[in-house]
Amino acid sequence: MVVAWVLMAALFSASWFVNRERTLEAARLAWTLFREVLPMFVIVLVFTSLSLGLISEEVLLELLVGRGLLVGSVTGAVAGSIAAIPSSVAFPLSAILLGKGVPYTVIAAFTTTLMMVGVVTFPLEREYLGFRAALVRNLAGLAMALVVSVAIGCFFGELP
Amino acid sequence: MNGKRSSLPFWAVLFLAFAAFVALSALIRFAPGIKCGTDFLAFARTMAGLLPPTFLLVGLFHSWVKRETVEKHMGSESGVQGYFWAIVLAGTIVGGLFVALPLCLVLQKKGASMKVILTFLNASMICRIPMTVFEASFLGIGFTIVRYAVSIPLLILIAWAMTSWLGEDFRIAEP
């Protein structure tokens with residue numbers, strides 16, 4: 001967290017010295033972007049808090065944590081393939097799940113499929129690439145998520 | 001009648017209902033309801049610490065890096081340079097597939113090879129800089145580095161495999 005603030009402060013002051021107009025534009029852009037995703041944030045935060053509080057946390061995290069990395073990662077990958085949420089909401093949500101004990105391996109499966117596999121956007125992709133190429137690209141994304149998950153799992157010592 | 005109330009956006013209504021629910025829970029000592037409230041506050045505190053610098057970094061990126069500048073480099077370059085610019089261009093994409101797919105068509109018209117176009121398309125999903133800023137802030141820079149180290153070779157490999165399967169003369173359709 002401190003790193004993000006220091007980096008931001010450093011780049012912002014550098015940018016300010018070089019070009020004030022662009023720096024102000026950056027701040028305005030940041031604000032616009034934030035206002036655009038604020039509704040989604042509130043909705044995701046409220047539903048996450050409600051489901052973690054009302055349904056017992058153990059029940060909810062059972063699939064993601066309790067049944068081993070394979071079941072957890074497959075659940076994460078399915079969720080990531082179906083969900084269509086912007087990364088500015090997905091990564092904060094991932095951080096919350098991480099704090100609740102969800103392994104990095106599962107998070108990686110979720111975030112990578114969220115980026116690479118899109119059930120919702122498939123029709124759009126098909127218009128440009130055709131059915132077969134779009135299908136293969138999405139399947140390749142799924143395979144990629146598997147490899148990335150394993151690599152992340154090894155890096156964080158969750159996999160042998 | 002209640003015209004004013006119906007003009008409130010959904011998220012605000014949801015938040016107010018949630019706040020009322022937590023307040024009521026605190027009043028009647030309904031433990032799960034109180035837990036929702038404390039969880040929400042804890043999440044909100046984490047967000048408040050990380051969101052301002054992250055959004056400002058993304059704002060800086062957008063104001064300094066213009067996609068059109070990078071786009072100029074694309075097309076004619078082949079070999080390693082083509083892949084390099086494909087990934088750099090992908091990093092500047094905002095709006096995901098809705099922007100990336102039409103750009104694939106543009107690249108095709110500029111004469112970029114299918115391998116480079118597919119590299120660009122996949123990279124536009126996993127190498128976007130604004131997204132990476134969020135990833136590194138919330139999951140740690142280690143996570144981001146490992147993911148990039150594994151993903152970039154893989155996406156070039158996927159582009160190669162798909163091109164040899166589809167054939168170099170495969171054409172992206174105009175929708």
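A, B, ... follow the sequence lines: proteins, then strands. Residue 1 opens every chain. Computed from a prediction, not measured in an experiment: that's the story for all the values here.
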Original post:
Where is the tightest heavy-atom contact between B/P32 and A/G53, given as atom of each residue plus distance?
Top reply: CB-O, 3.6 Å

**OP:** Check each atom of A/R126 against the heavy atoms of chain B and say whether the ones under 4.5 Å are side chain, backbone, both or neither.
**Re:** neither

**OP:** Please state whether the side chain, the backbone, both or neither of A/A143 comes within less than 4.5 Å of a heavy atom of chain B.
**Re:** neither

**OP:** May I ask whether B/I141 and A/M8 are part of the same hydrophobic cluster, defined by side-chain heavy atoms of I, L, V, M, F, W, Y residues being less than 4.5 angstrom apart, directly or through others?
**Re:** no

**OP:** Please report the closest heavy-atom contact between A/A151 and B/V150, naming both atoms and the distance.
**Re:** CB-CG2, 3.5 Å

Original post:
Has the side chain of B/S63 got a donor or acceptor atom that lies under 3.5 Å from a matching backbone atom of A/R22?
Top reply: yes

Original post:
Would a 4.5 Å heavy-atom cut-off, applied to side chains only, mark B/F55 and A/S88 as touching?
Top reply: yes

**OP:** Take A/F91 and B/M131 through the test side-chain contact (heavy atoms from CB on, under 4.5 Å) and record every step on the way to the result.
**Re:** CA-CA 9 Å; A/F91 286 111; B/M131 185 186 81; 3.7 Å; yes

**OP:** Kindly give the heavy-atom pair with the smallest separation between B/L139 and A/A95, and that separation in Å.
**Re:** CD2-N, 4.1 Å

Original post:
Checking heavy atoms, do the side chain of B/T54, its backbone, both or neither come under 4.5 Å from chain A?
Top reply: neither

**OP:** Sort out for me which of A/I107, A/I152, A/V42 touches chain B most, counting heavy-atom pairs under 4.5 Å.
**Re:** A/I152

Original post:
Between A/M144 and B/L154, what is the shortest heavy-atom contact and its length?
Top reply: CG-CD1, 3.8 Å

Subject >> Within-4.5 Å side-chain heavy-atom neighbours: B/L121 and A/L129 >> reply: yes

Original post:
Looking at A/A133, A/A27, A/S149, which has the largest count of heavy-atom pairs under 4.5 Å with chain B?
Top reply: A/A133

Original post:
Is chain B contacted by the side chain of A/E21, its backbone, both, or neither, given a heavy-atom distance below 4.5 Å?
Top reply: neither

Subject >> Pairwise distance CG(A/L93) to CZ(B/F138) - rounded to 0.5 angstrom >> reply: 10.5 Å

**OP:** Hey, could you give me the CG/CZ distance between B/N122 and A/R137, rounded to the nearest 0.5 Å?
**Re:** 5.0 Å

**OP:** Pick one of side chain, backbone, both or neither for B/L56, based on which atoms fall under 4.5 Å of a heavy atom in chain A.
**Re:** both

Subject >> Region of B/P102 that comes under 4.5 Å of a non-hydrogen atom in chain A >> reply: both

Subject >> Within residues 153-165 of chain B or reaching into it, pairs that qualify as salt bridge (charged side-chain N to carboxylate O under 4.0 Å, His left out) - sequence neighbours excluded >> reply: none

Original post:
Hey, what do you get for CE (A/M115) to OG (B/S151), rounding to the nearest 0.5 Å?
Top reply: 7.5 Å

Original post:
With a 4.5 Å heavy-atom cut-off, do A/S49 and B/F43 have their side chains touching?
Top reply: yes

Original post:
So, for B/G33 and A/L54, which heavy atoms are closest and what is the spacing to 0.1 Å?
Top reply: N-CD2, 4.4 Å

Original post:
Between A/W5 and B/G49, is there a donor-acceptor pair closer than 3.5 Å when you use the side chain of the first and the backbone of the second?
Top reply: yes

Original post:
chain B heavy atoms under 4.5 Å from A/F155: which part of the residue, side chain, backbone, both or neither?
Top reply: side chain

**OP:** Determine, using the 4.5 Å side-chain heavy-atom cutoff (strictly less than), whether A/V18 and B/F61 are members of one ILVMFWY cluster.
**Re:** yes

**OP:** Using the rule that two of Ile, Leu, Val, Met, Phe, Trp, Tyr join whenever any of their side-chain heavy atoms come within less than 4.5 Å, decide whether B/L107 and B/L166 are in one cluster.
**Re:** yes

**OP:** Evaluate the side-chain contact (heavy atoms from CB on, under 4.5 Å) criterion for residues A/T48 and B/F40: first the C-alpha distance (whole Å), next the side-chain angles of each, then the deciding distance (0.1 Å), finally the verdict.
**Re:** CA-CA 8 Å; A/T48 310; B/F40 183 87; over 6 Å; no

Original post:
Under a 4.5 Å heavy-atom cut-off, does chain A meet the side chain of B/M47, its backbone, both or neither?
Top reply: side chain

Original post:
So do the side chains of B/L14 and A/F47 get within less than 4.5 Å of each other, counting heavy atoms only?
Top reply: yes

Subject >> Flag side-chain contact, heavy atom, 4.5 Å: A/F41 against B/L51 >> reply: yes

Original post:
Could you give the distance from OH (A/Y128) to CD1 (B/I172), rounded to the nearest 0.5 Å?
Top reply: 10.0 Å

Original post:
Under a 4.5 Å heavy-atom cutoff, which of B/V58, B/D39, B/L105, B/V22 has the most pairs with chain A?
Top reply: B/D39

Original post:
So which part of A/L11 gets closer than 4.5 Å to some heavy atom of chain B, the side chain, the backbone, both or neither?
Top reply: both

**OP:** Flag the pair A/V117 / B/M125 as yes when at least one side-chain heavy-atom distance between them is below 4.5 Å, and no otherwise.
**Re:** no

Subject >> Minimum side-chain heavy-atom gap B/T46-A/P92 below 4.5 Å >> reply: no

**OP:** State, yes or no, whether a side-chain contact exists between A/L7 and B/P53 at a heavy-atom distance under 4.5 Å.
**Re:** no

Subject >> Interatomic distance, A/L139 atom CG to B/I158 atom CD1 [nearest 0.5 angstrom] >> reply: 10.5 Å

Subject >> A/F156 versus chain B, the contacting section by heavy-atom distance below 4.5 Å >> reply: side chain

**OP:** Please check if B/I34 and A/V46 belong to a single hydrophobic cluster, counting links between Ile, Leu, Val, Met, Phe, Trp and Tyr side chain heavy atoms closer than 4.5 Å.
**Re:** no

Subject >> Minimum-distance pair of heavy atoms, taken over all atoms of A/V148 and B/R147 >> reply: CG1-CG, 3.8 Å

Original post:
Highest number of heavy-atom pairs under 4.5 Å with chain A: which of B/W64, B/F30, B/F170?
Top reply: B/W64

Original post:
Got a sec: does the CH2 of B/W160 have more than 12 other heavy atoms crowding it under 6.0 Å?
Top reply: no

Original post:
Hey, quick one: are A/I85 and A/V119 part of the same hydrophobic cluster, counting side-chain heavy atoms closer than 4.5 Å, chains of contacts allowed?
Top reply: no

Original post:
Checking heavy atoms, do the side chain of A/T111, its backbone, both or neither come under 4.5 Å from chain B?
Top reply: side chain

Original post:
What residue in B/F18, B/F143, B/F15 has the most heavy-atom pairs under 4.5 Å with chain A?
Top reply: B/F143

**OP:** Please determine, among A/T121, A/V37, A/V136, the option with the most heavy-atom pairs under 4.5 Å with chain B.
**Re:** A/V136

Original post:
Side chain, backbone, both or neither: which part of A/R28 has a heavy atom under 4.5 Å from chain B?
Top reply: neither

